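Note that these values count all heavy atoms, side chains included, but never hydrogens, waters or copies made by symmetry. Note that the structure is a prediction, hence the values are computed from the model and not measured.
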Amino acid sequence: MRKVLLLPILVPLLALGGCITLLPEPPPPPRTHVLEAQSVQRLPGAPIDAVIGVSAPGGERSFLGQDLIWRTGDTIAYVDDSAWSGRAADSLQQMLVETMIRQGRFRAATRSGEARADYEIRWEVLDFEVREETMTARFTAEVRLVAQGRRIIASEIITAEAPVSDRSSSIASNALARAAREGSARIGMFAADAAALAQASDAEDDQARAASINR
C-alpha cells in the first residue's frame, strides 16, 4: 500500500524536475581589460650609466585595485561589469618598468628589490579615474627620484589625460590605459632628466674636490 500511495506524488515531481530552478543563474563574468605598455618612443639624450628601480605605487585602494573608477563630482563609482585583468598597482608598476626600458636612457630598469639600483622611483597615484564633468580619463602621480641613501634628487606631480567619447566600459578602459601610458612616458622623461642632472652635478663636485687636493 505504501508504494501505491507514493506513485501519484513522485510522478508530478519527476515531470516538473526539468523545469524547477532552485538557484538564480549566475551573472555574466565581468569584462576584463589590460593595462600594459605598448609602443614607446626612445628618448633623445646621452645614455645614463645607471640602474633605476621602480617601487610599487602607493595611493587609495580604489585607484589601485581591479575596479575601473568613474567619478561624478565628489562621488566615485565602479564601472559595471568591468575589471582590470590584475591589480592596477601591479600593472602600473610593470607598465612603468617596461616604458623606461624601451625609452632607452637608463642602462636598465627593474622593479624595486629585484636588483641593486642606483636610483629609485617612489610614487603615489593621486588620480586614476574617468571624470564625468569633463569626460576625460585622468592619471596623476606624485613622483620622487631617490638616490642611494634615500636622498631625494627631484620630485614632481605628473598628470596625463585622454578623452572619453562615450559611457561604454571599453571606451572608458581604453582611455584610462592611454592616460596611464602617457603618464608613464612622462615619468620616464622626468626621471632621466633628473638623473642626468644629478650625475653632471656629482661629476662637477668630484672635479672641484680633485682640483682642491692638487693645489
Side-chain angles (χ1 to χ4, degrees), residues 30 32-40 43 48 50-71 76-79 82-131 137-162 172-196 198:
T32 55
H33 307 276
V34 296
L35 272 174
E36 59 185 11
Q38 294 184 352
S39 59
V40 178
L43 291 179
I48 301 168
V51 176
I52 185 164
V54 177
S55 68
E60 292 186 17
R61 287 186 299 173
S62 58
F63 296 143
L64 301 178
Q66 284 191 262
D67 295 299
L68 281 67
I69 305 300
W70 191 286
R71 179 168 181 165
I76 63 172
Y78 300 133
V79 177
S82 297
W84 298 117
S85 58
R87 291 180 63 249
D90 299 331
S91 299
L92 290 171
Q93 182 186 23
Q94 183 61 29
M95 178 189 290
L96 183 52
V97 171
E98 292 182 15
T99 296
M100 297 182 73
I101 290 172
R102 295 176 184 180
Q103 286 177 332
R105 287 294 304 276
F106 288 93
R107 172 156 44 91
T110 183
R111 287 189 291 266
S112 294
E114 292 185 342
R116 181 179 176 277
D118 304 288
Y119 299 100
E120 183 181 36
I121 289 178
R122 298 182 183 177
W123 50 322
E124 191 93 2
V125 175
L126 306 178
D127 289 312
F128 189 43
E129 61 195 6
V130 175
R131 296 199 166 188
R138 184 179 177 89
F139 171 87
T140 305
E142 179 187 356
V143 185
R144 298 176 299 279
L145 182 68
V146 180
Q148 291 181 351
R150 303 177 67 180
R151 178 170 59 100
I152 295 178
I153 301 298
S155 63
E156 189 167 327
I157 293 179
I158 291 175
T159 297
E161 294 183 339
S173 67
N174 288 337
L176 285 165
R178 290 198 308 274
R181 285 194 288 268
E182 178 62 27
S184 293
R186 294 179 183 181
I187 291 172
M189 294 172 61
F190 154 76
D193 291 343

Mind listing the closest non-hydrogen atom pair of [X] and [Y] along with its distance?
{"X": "L68", "Y": "S82", "value": "CD1-C, 4.3 Å"}
{"X": "A172", "Y": "W70", "value": "CB-CZ3, 4.2 Å"}
{"X": "A191", "Y": "I52", "value": "CB-CD1, 3.9 Å"}
{"X": "A109", "Y": "I101", "value": "O-CD1, 3.7 Å"}
{"X": "A196", "Y": "I48", "value": "N-CD1, 4.1 Å"}
{"X": "S173", "Y": "H33", "value": "OG-ND1, 3.0 Å"}

Would you say the side-chain atoms of [X] pair up with the backbone N or O of [Y], donor to acceptor, closer than 3.5 Å?
{"X": "S55", "Y": "I121", "value": "yes"}
{"X": "Q103", "Y": "V40", "value": "no"}
{"X": "Q148", "Y": "A117", "value": "yes"}

**OP:** Check step by step if salt bridge (Lys or Arg N to Asp or Glu O under 4.0 Å) holds for E182 and R178.
**Re:** CA-CA 6 Å; E182 178 62 27; R178 290 198 308 274; over 6 Å; no
Original post:
Is the F128 ring parallel, tilted or perpendicular to the W84 ring (thresholds 30°, 60°)?
Top reply: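 It falls in the parallel class, under 30°.
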Subject >> Any R105 side-chain heavy atom under 4.5 Å of D193 side chain >> reply: yes
**OP:** Could you tell me whether the side chain of P57 reaches within less than 4.5 Å of the side chain of Q93, counting heavy atoms only?
**Re:** yes
How far does [atom1] of [X] sit from [atom2] of [Y], to the nearest 0.5 angstrom?
{"X": "E156", "Y": "L145", "atom1": "CD", "atom2": "CG", "answer": "11.0 Å"}
{"X": "E98", "Y": "S184", "atom1": "CD", "atom2": "OG", "answer": "10.0 Å"}
{"X": "L176", "Y": "R138", "atom1": "CG", "atom2": "CZ", "answer": "12.5 Å"}
{"X": "E142", "Y": "R144", "atom1": "CD", "atom2": "CZ", "answer": "5.0 Å"}
{"X": "D127", "Y": "F63", "atom1": "CG", "atom2": "CZ", "answer": "5.0 Å"}
{"X": "L64", "Y": "I69", "atom1": "CG", "atom2": "CD1", "answer": "9.5 Å"}

**OP:** Write out all pairs satisfying side chain to side chain donor-acceptor pair (under 3.5 Å) with one or both partners inside residues 114-124, taking only residues at least two apart or from two chains.
**Re:**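 Qualifying pairs: T110-E114, R111-E114, S112-E120, E120-R122.
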